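Ligands are counted one by one from 1 in listed order, and the atoms in each one are counted from 1 as well. Note that the structure is predicted; figures quoted are calculated from it, not measured.
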Amino acid sequence: MADIIIKNAYVLTMDPDLGDIENGVVVIENGLIKEVGRSTGSTADKIIDARGCVVMPGLINTHCHAGMTLFRGYADDMHLKEWLEDRIWPAEAKLTDDDIHIGSLLACLEMIRSGTTSFADMYIHMDRVAQAVKESGIRAALSYGMIDFGSKEKADAELKEGSRFVSQWNGKADGRITTMYGPHAPNTCSREFLIRVKEQAVKDKIRIHIHVLETEAELNYMKENFGMCSIHFLKDIDFWGTDVLAAHCVWLSDGDIKILAEYGVNISHNPVSNMKLASGIAPVAKLIASGANVCLGTDGCASNNNLDMFEEMKTAALLQKVGTMDPTALPARQVLEMATVNGAKALGIKSGVLKEGHNADMIIVDMRKPHLTPLHDVASQLVYAASGKDVRTTIVAGKVLMEDFMVTCLDEQDILGKAVQTSKNLASRIDS
Ligand SMILES: C[C@H]1O[C@@H](n2cnc3c(O)ncnc32)[C@H](O)[C@@H]1O
Ligand SMILES: [Zn+2]
C-alpha cells in the first residue's frame with residue numbers, strides 16, 4: 001500500500017524520457033516517488049484528485065538568506081555597498097538566535113506557500129535556521145556565512161564555527177538537511193582563508209556556497225589587489241569544481257564563462273536581486289550555451305523582497321530577453337529546468353524531476369484561474385502567467401506541508417504574529 005496517489009493530473013515530470021503526461025498519476029511511498037505514469041495498480045491511504053492542476057517538481061531556491069525575511073522593506077532603493085555596510089550588517093549585529101528562528105520559520109512558510117521545496121541558505125545563527133527547517137518539513141542545504149576580512153584570528157574562529165555547524169547538522173532531519181561551507185565572497189574573505197575553506201570542504205566531502213562577481217566593485221577590487229578577476233583568482237587557488245555553488249556571477253567575461261563551464265561550477269542566478277540592487281545582468285544565455293549548470297535563487301528578502309520562485313522564473317526569462325535584445329533567449333522550458341533539475345544538481349539532491357526513486361518533493365499548481373486561462377502551453381503558463389499564490393499543495397519527502405492552500409506543517413498565524421513582534425523589538429534595538 002502506497003502513502004499517496006495523485007491522480008487526474010497534468011504531470012510535468014521534467015524528465016526528458018518521461019516528458020509531460022496529460023492525465024497522469026504520481027505514486028508516493030516512504031518519502032520517495034514509487035511510480036509516475038498514465039495509471040497505477042497501486043492503492044494508497046490518501047488519494048489527491050488533481051483535476052485541472054499541474055503536478056511538477058518542487059522549485060529549488062539555490063541562493064537565499066532565510067533569516068533576512070525580518071529585513072523585508074527595511075533598506076530599499078540603495079546602492080549595494082551602502083545597503084550592506086551601513087544598513088544590513090549593523091542590523092544583523094543585533095540579531096539574536098530567537099530572531100533568526102522566527103525569521104527562518106517565516107521564510108519556510110513563504111517558500112512552502114509559493115512552491116519551493118528545497119533551498120540553499122547562507123547566514124548566521126545557523127543552528128536556528130536548521131531548527132526551523134527541521135520543524136517545517138522543507139528540505140535545505142545550509143551554510144554558515146563566513147567572513148574573515150583578512151584577520152587570522154577571525155579566519156580561525158569562522159572556520160571553526162563553519163565546521164562545527166557542518167558536523168552537527170549534515171544529514172539531519174531524516175536527510176532533509178545537508179550542509180555546505182559558506183565563505184561569503186572573494187572580496188570579503190582572504191586568499192589564505194579561501195584556500196583553507198576549500199581544503200576543509202574537500203576533506204569533509206562537503207559542498208561550498210559563495211557569492212561571486214555580484215558587482216563591478218568586486219571586479220575592480222580583485223583586479224586592483226590581485227591583478228585578475230574573481231574567476232581567475234579562484235581558478236588560481238584550485239577553488240573551482242562541481243562542488244561549488246557560485247551565486248550571482250554577473251560580471252563575467254567570455255573567458256570566465258569558459259572556466260566556469262570547464263570546472264562544472266554551479267551558478268545561482270538571482271535576477272530580481274540583481275535588478276533591485278542594480279548589480280547588472282548576468283550572461284545566463286551564454287553560460288547555458290557554454291554547458292554550465294545555471295540554477296535560480298531569490299537572494300534574501302532585503303534585496304528581492306519576497307521568496308517567490310515563480311516571480312524569479314519570469315524575471316529571469318524577461319531579463320535575458322531584454323539584456324540580449326533577443327526574445328528567443330531563455331525560453332520557458334529552460335527556465336523551468338533552472339528552477340528544478342539544475343537546482344537539484346547544484347545541491348546534490350535527488351529531487352527536481354518526477355521519476356521513480358527520486359525524493360517525493362513536488363507541488364500541485366491550480367490552473368483553474370482567470371489569469372491561467374486559456375491554457376495553450378503549460379510551461380509558458382507556469383513561467384509567464386502563474387505566481388506562487390497558485391500553488392495549491394506542497395509535498396516534501398512524501399509529507400504534505402500544504403494542502404488545498406492550507407499550511408499543515410506549521411502554525412501560520414502564530415509565526416506571523418511572532419514575526420511582527422520580533423521585527424518591532426529588533427527595530428527598537430537597532431535604533432537604540
Ligand atoms: C551571509 C551574509 O551575506 C549577506 N548578504 C545578503 N545578500 C547579499 C548580497 O546580495 N550580496 C552580498 N552579501 C549579501 C548577508 O547580509 C549576510 O551578512
Ligand atoms: Zn546573497
Side-chain angles (χ1 to χ4, degrees), residues 61-95 99-100 103-104 107 119-130 140-149 154 158-159 161-162 165 179-189 193-194 197 208-219 221-222 230 244-251 266-282 295-307 309 312 346 426 430:
N61 182 348
T62 53
H63 183 65
C64 190
H65 310 279
M68 292 185 88
T69 48
L70 296 176
F71 299 130
R72 195 194 315 269
Y74 167 73
D76 293 332
D77 311 321
M78 296 181 72
H79 287 277
L80 193 142
K81 186 173 156 57
E82 288 80 45
W83 169 80
L84 202 54
E85 293 177 7
D86 301 345
R87 296 281 286 170
I88 298 298
W89 281 343
E92 283 177 346
K94 305 267 174 129
L95 285 168
D99 295 340
I100 295 288
S104 303
F119 69 104
D121 209 64
M122 180 208 288
Y123 211 47
I124 47 179
H125 303 265
M126 288 305 293
D127 290 327
R128 303 302 289 276
V129 183
L142 306 177
S143 57
Y144 169 64
M146 305 180 288
I147 300 184
D148 75 325
F149 286 126
K154 187 97 173 89
E158 290 287 82
L159 193 50
E161 175 59 9
F165 179 73
T179 58
M180 299 171 96
Y181 279 100
H184 180 257
N187 60 336
T188 52
C189 295
F193 183 53
L194 289 167
V197 170
I208 299 174
H209 187 173
I210 184 169
H211 296 93
V212 178
L213 284 178
E214 180 180 8
T215 61
E216 191 177 19
E218 176 183 330
L219 178 64
Y221 173 90
M222 296 305 287
S230 306
V244 178
L245 171 60
H248 299 297
C249 294
V250 172
W251 289 85
N266 305 287
I267 297 135
S268 177
H269 176 46
N270 294 214
V272 174
S273 173
N274 293 161
M275 290 169 72
K276 184 162 185 265
L277 292 167
S279 301
I281 304 177
C295 42
L296 212 51
T298 57
D299 215 348
C301 269
S303 61
N304 188 302
N305 293 4
N306 65 45
L307 305 176
M309 285 286 287
E312 213 63 43
L426 179 60
I430 292 168

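His211 contributes atom NE2 as its closest N/O/S atom to the Zn ion (ligand 2). If you look at Asp299 and ask which of its N, O or S atoms sits nearest the Zn ion (ligand 2), the answer is OD1. Considering just the N/O/S atoms of His63, the one nearest the Zn ion (ligand 2) carries the name NE2.
Close contacts of ligand 1 with Glu214, meaning ligand atoms under 4.0 Å from a residue heavy atom, involve 9 (C), 10 (O), 11 (N), 12 (C). In summary, the atoms of ligand 1 found under 4.0 Å from a heavy atom of Trp89, numbered by their order in the structure, are 18 (O). Atoms of ligand 1 found under 4.0 Å from any heavy atom of Ile88, numbered from 1 in the order shown, are 16 (O). Distances below 4.0 Å separate heavy atoms of Met68 from the following atoms of ligand 1: 6 (C), 16 (O).
Among Asp299, Asn306, Asn304, the single residue meeting the side-chain contact (heavy atoms from CB on, under 4.5 Å) criterion with Glu312 is Asn304. Applying the side-chain contact (heavy atoms from CB on, under 4.5 Å) test between Leu213 and each of Val250, Asn187, Leu219 identifies Leu219 as the sole match. A side-chain contact (heavy atoms from CB on, under 4.5 Å) with Val129 is found for one member of Ser104, Cys64, Ser143 and no other, namely Ser104.
Here the heavy atom of the protein found nearest to atom 1 (C) of ligand 1 is Met122 O, 3.6 Å. Regarding atom 4 (C) of ligand 1, its nearest protein heavy-atom neighbour is His184 NE2, 3.8 Å. Of all protein heavy atoms, the one closest to atom 16 (O) of ligand 1 is Glu92 OE2, 2.5 Å. Given atom 5 (N) of ligand 1, the protein heavy atom at minimum distance is His65 NE2, 3.8 Å.
Among the atoms of His248, no N, O or S atom is found under 2.8 Å from the Zn ion (ligand 2). Among the atoms of Cys64, no N, O or S atom falls under 2.8 Å of the Zn ion (ligand 2). For Glu214, every N, O or S atom stays at 2.8 Å or more from the Zn ion (ligand 2).
Judged by distance alone, the side chains of His65 and Asp121 never bring a donor and an acceptor atom under 3.5 Å apart.
Side chain of Arg72 to backbone of Ala302: no donor-acceptor contact under 3.5 angstrom is found. In terms of modelled atom types and a separation under 3.5 Å, the side chain of Asn61 and the main chain of Thr298 share a donor-acceptor contact. Side-chain atoms of Thr188 do not come within 3.5 Å of backbone N or O of His184 as any donor-acceptor pair. Between the side chain of Asn274 and the backbone N or O of Ile281, no donor-acceptor pair lies under 3.5 Å.
With a 4.0 Å cut-off on non-hydrogen atoms, Tyr144 does not touch ligand 1 at all. Contacts between Asp299 and ligand 1 below 4.0 angstrom, taking non-hydrogen atoms only, involve the side chain exclusively. Using a 4.0 Å cut-off between heavy atoms, Leu84 contacts ligand 1 through its side chain alone, with no backbone atom that close.
Taking the six-membered ring for Trp and the full ring otherwise, the centers of His211 and His209 sit at least 6.0 Å from each other. Remark: aromatic rings of His248 and His63 are close, center separation under 6.0 Å.
One finds no salt bridge joining Asp99 and Arg128 here, because no Lys/Arg side-chain nitrogen approaches an Asp/Glu carboxylate oxygen to under 4.0 Å.
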